[in-house]
There are 2 protein chains.
Amino acid sequence: MKNQSNAICLCPLDGVIDTIGKKWGLLIVNEIGNHGILRYNELMSELKGISPSTLASMLKDLEKEELIEKEVFREIPPRVEYSLSTRGRELREAIIPLIKWASKKGNYSIHCSCNLFK
Amino acid sequence: MKNQSNAICLCPLDGVIDTIGKKWGLLIVNEIGNHGILRYNELMSELKGISPSTLASMLKDLEKEELIEKEVFREIPPRVEYSLSTRGRELREAIIPLIKWASKKGNYSIHCSCNLFK
DNA sequence: CTGAATCCTACAAGATACTG
DNA sequence: CAGTATCTTGTAGGATTCAG
């Protein structure tokens, strides 16, 4: 630790950043995390403003990155459940410091009623 | 803490996410953090691939968000030094868990020689 | 040296209609 | 219900040139 600078390298973020850096990336992961299990239409309702095409494309992305898991029930009408993978749950933990940091300056409280880090 | 769910609210990120979520946002903050002080052209060199217009626009953004500080020396040739604000330094700390998380799955090591979290 | 001005391209993401 | 198929728009970000 002496001969090594305190430099931080961001390379580890290289791949995932393209997914979780997108507008809805963290939002979706967190929403599923908050509920445990969510279906497509439930996500559409919770994430106010997202379009079906955007949501579908994001879900594919998140699944490919192994942040969420998808279970399909061959019923009529069809049922599909989304949940977080272990990796997804760990991500949700990992961003807590970032949220705490952001809360410090927050003018956000004007629009948000959450009181987690106040 | 009992009557409160373990739900996480992302609203605090609302404003800053538009800055640090951009392609070069965290990169610039971190690069300045690694060096302490950096000039415009030094950033151009370190951040391989960034264009002058993009860098200039990002620096304005980051300054507006009070993540970096800018000091202008009225010399010839002109000299401008960028450094992290306290808030910027705290941000840099806050993303460490995220980097550690990302490192766990890392195929990143192929392209990156940093060994901080291995 | 430190940017600003201009032009251009790629892509995220919204709106809408439709299907198995 | 859970998406797909199109179409459109806004904007990030690159390339290049110029200026104080």
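All chains are named by letter (A, B, ...) in the order of the sequence lines, taking the proteins before the strands, and each is independently numbered beginning at 1. No hydrogens, no waters, no symmetry mates; every other heavy atom, side chains included, goes into these values.
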| query | Does Leu67(A) offer a backbone N or O that forms a donor-acceptor pair with the side chain of Ser85(A) under 3.5 Å? | reply | yes
| query | Across the strands shown, which category fits Ser53(B) at heavy-atom distances under 4.0 angstrom: base, sugar-phosphate, nothing? | reply | base
| Side chains of Thr54(B) and Ser51(B), donor plus acceptor under 3.5 Å | yes
| Whole-Å gap separating P (dA13(C)) and CD1 (Ile17(B)) | 12 Å
| So, do Leu98(A) and Leu91(B) sit near enough that their side-chain heavy atoms are less than 4.5 Å apart? | yes
| said: As a quick check of understanding, evaluate side chain to side chain contact (heavy atoms under 4.5 Å, CB included) for Ile28(A) and Ile68(A), giving each step before the final call. | reply: CA-CA 10 Å; Ile28(A) 295 175; Ile68(A) 65 176; 5.6 Å; no
| task | Validate the cation-pi geometry between Arg92(A) and Trp101(B): distance from NZ or CZ to the six-membered ring centre under 6.0 Å, angle to the ring axis within 45°. | result | no
| request: Verify, without hydrogens or angle tests, whether Arg39(A) (side chain) and Glu81(A) (backbone) share a donor-acceptor contact under 3.5 angstrom. | output: no
| query | How large an angle, rounded to 10°, do the end axes of the helix from dC1(C)-dG20(D) to dG20(C)-dC1(D) enclose when each is built from five base pairs? | reply | 50°
| query | What about Ile37(B) and Val72(B), same hydrophobic cluster or not, with Ile/Leu/Val/Met/Phe/Trp/Tyr joined at side-chain heavy-atom distances under 4.5 Å? | reply | no
| remark: Ile50(B) CD1 to dA12(D) P, in whole Å, measures 14 Å
| request: Output the residues of residues 20-45 of chain A in contact with DNA chain C, where contact means a heavy atom of the residue under 4.0 Å from an atom of the strand; sort by number or write none. | output: Lys22(A), Lys23(A), Trp24(A)
| query | Is it true that a side-chain atom of Ser103(A) and a backbone atom of Pro12(B) form a donor plus acceptor pair closer than 3.5 Å? | reply | no
| message | Using side chain to side chain contact (heavy atoms under 4.5 Å, CB included), reason through Trp24(B) and Lys22(B) one step at a time and then give a plain yes or no. | response | CA-CA 6 Å; Trp24(B) 295 101; Lys22(B) 285 180 188 166; over 6 Å; no
| Is any side-chain nitrogen or oxygen of Ser51(B) closer than 4.0 Å to OP1 or OP2 of dG13(D)? | no
| said: Output the rounded distance in Å from CE (Met58(B)) to C1' (dT11(D)). | reply: 14 Å
| note | When rounded to whole Å, the CG to C1' distance for the pair Asp18(A) and dA12(C) reads 12 Å
| note | Here the pair of heavy atoms bringing Asn34(B) nearest to Asn6(A) is OD1-O, 4.3 Å
| Which ones in residues 63-85 of chain A lie close to DNA chain D, meaning a heavy atom under 4.0 Å from one of its atoms? | Lys70(A), Pro77(A), Pro78(A), Arg79(A), Val80(A), Tyr82(A)
| To the nearest angstrom, how far is Lys48(A) atom NZ from dG14(C) atom C1'? | 17 Å
| Are the side chain of Tyr40(B) and the backbone N or O of Pro52(B) linked by a donor-acceptor pair below 3.5 Å? | yes
| task | Measure the distance from CG on Leu59(A) to C1' on dT4(D) and round it to the nearest whole Å. | result | 14 Å
